[in-house]
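Here the structure comes first, spelled out in structure tokens, and everything after it is commentary.
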Amino acid sequence: MGLSAAQQRAVLLVSLSLGLTLALGFGLPQVLKLLFRFLGFPCDNVSHCIVLLYFVLVLCVALPAVPRGSVPIQGKEVLITGCDSGFGLALAKHLHKLGFTVFAGCLLKDKNGDGAQELESMQSDRLRVLQMNVCNEEEVSRALEFVKRHLRDPEHGLWGVVNNAGIATYGDVEFTGLDTYKKVADVNLWGTIRVTKVFLPLVRRAKGRVVCMVSMLGRMGSPSRSSYCVSKYGVEAFCDCLRQEMYHWGVKVIAIEPGNFIAATNIFTKDGVEKQAEEMWEKASDVVQEDYGKPYFIQQVARMKSFVSSGSKNMSSVINAITDALSSKYPYTRYNPSETYWWIKVQIMTHLPTAIADRIYIR
Ligand SMILES: NC(=O)c1ccc[n+]([C@@H]2O[C@H](COP(=O)([O-])OP(=O)(O)OC[C@H]3O[C@@H](n4cnc5c(N)ncnc54)[C@H](OP(=O)(O)O)[C@@H]3O)[C@@H](O)[C@H]2O)c1
Ligand SMILES: *[C@@H]1O[C@H](CO)[C@@H](O)[C@H](O)[C@H]1NC(C)=O
């Protein structure tokens, strides 16, 4: 029996803090004693205080989350974008099973895409599939009309929007054309903003939820992922600002920041990586081709290809996070479902001084 991800984190955090205490040596009690005296605490026995601190730490990290209650699901309606495959497809089926009414936006409904067909074959009037390219202004406004027409009560609005549609790109900055930066932002960033703005009036009526699929790469950079990171950092900024504006309206805005689930979805395929590679090399300038060299380039592409089968194959932690964001009475602002390695990396990259974090992971 392995430890759960939360337990692994608890063990790591506790051993880290114990290690720090030892490293600081026996000077720590004196320091703490002085501090407590300075603050006027009665706690004279400092070791008791240390034990207490550890106890609180362990409780915070290791205990299951305090139950936060849930909203009634019956009759709640949710729109999800990008339901052709991956998280979106799985989420549409999961939410439907829980009793939500699901509007599943698919990029390829008109072209009889597999995901759209699978969802349509369920033949449920609580699961409606609609054509929706998030980059297409007209399709998005038609989707709004469709949703309005099929809402149980348009006056009560739409409970949730899940901005899930997304694409992924890779490549060093000098190999990445501006068109690539624009293409990925078009879907991940402008798509998210477009859909959110169009559906927000309905979500405000319902005092509902806006959920954005971001990524751990919306919180930390990574070599050869600048085009993707730029788009995801943008979504993160959008969520932060919208969340602050929406307190007033009772709408909750939530960011989901999954770790590595590449193996579980279609986000990266071997073919896709190869196709991008060919294009990148062709379009790179002579000086870039010469300076970086083909061997380096081939090595980078091979590294990316090895990622195609990396990460967790089990996406249930992501699906559960989104479900919690939509159904908990008090959802978190951010969820980071991920394997322990990636969870720790994000904590370090976002909390330690940059020079130290980069020294650990990058340089
Ligand atoms: N998998 C991971 O490791 C991971 C980690 C962090 C965050 N994410 C995020 O999770 C979200 C879902 O990705 P996924 O991993 O489930 O990958 P996925 O299987 O490729 O799903 C993304 C879906 O979005 C669709 N899509 C692409 N462009 C679209 C557009 N313009 N309009 C509407 N739909 C569009 C795709 O359709 P086609 O298949 O037809 O292109 C696909 O069905 C993305 O935002 C991604 O950035 C994924
Ligand atoms: C996926 O993970 C969940 C816990 O997050 C676990 O309950 C489930 O059994 C796992 N599924 C598979 C197929 O391993």
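Side chains included, hydrogens not; waters and symmetry mates left out as well; all remaining heavy atoms used. Each ligand, and each atom within it, is numbered from 1 in the order the structure gives. Keep in mind that this is a model prediction, so the values were computed, not measured.
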Report task. Answer yes or no: does an N/O atom from S317 fall short of 3.5 Å to an N/O atom of ligand 2? Result -> no

Atom 22 (C) of ligand 1: of A165, G166, A90, the nearest heavy atom sits on G166

A student comparing T265, N164, V162, L217 should find that the heavy atom closest to atom 12 (C) of ligand 1 comes from N164

Give the table of side-chain donor-acceptor pairs shorter than 3.5 Å for residues 250-263, with sequence neighbours excluded, one pair per line with atom names and distance.
residue: E257; atom: OE1; partner: N336; partner atom: ND2; Å: 3.3
residue: E257; atom: OE2; partner: R334; partner atom: NH1; Å: 3.4
residue: N260; atom: OD1; partner: I262; partner atom: N; Å: 3.0
residue: N260; atom: ND2; partner: S310; partner atom: OG; Å: 3.0

among protein heavy atoms, the one nearest atom 4 (C) of ligand 2 is S316 OG, 3.9 Å

Item to complete: May I ask you to decide if the ring planes of F297 and F175 are parallel, tilted or perpendicular, using 30° and 60° as cut-offs?
Response: tilted

Here the atoms of ligand 1 under 4.0 Å from any heavy atom belonging to N133 are 30 (C), 31 (N), 32 (N)

Give a yes or no answer on whether the side chain of R126 reaches the backbone of V102 with a donor-acceptor pair at less than 3.5 Å. no

| Can you find an N/O atom of S215 closer than 3.5 Å to an N/O atom of ligand 1? | no

Checklist entry - Got an N/O contact under 3.5 Å between P258 and ligand 1? => result no

For atom 36 (C) of ligand 1, is the nearest protein heavy atom closer than 4.0 Å? no

Residue pairs meeting ring pair (Phe, Tyr, Trp, His ring centres under 6.0 Å), one or both in residues 320-363, sequence neighbours left out, come to Y332-Y335

Check whether any heavy atom of I167 sits under 4.0 Å from an atom of ligand 1.
yes

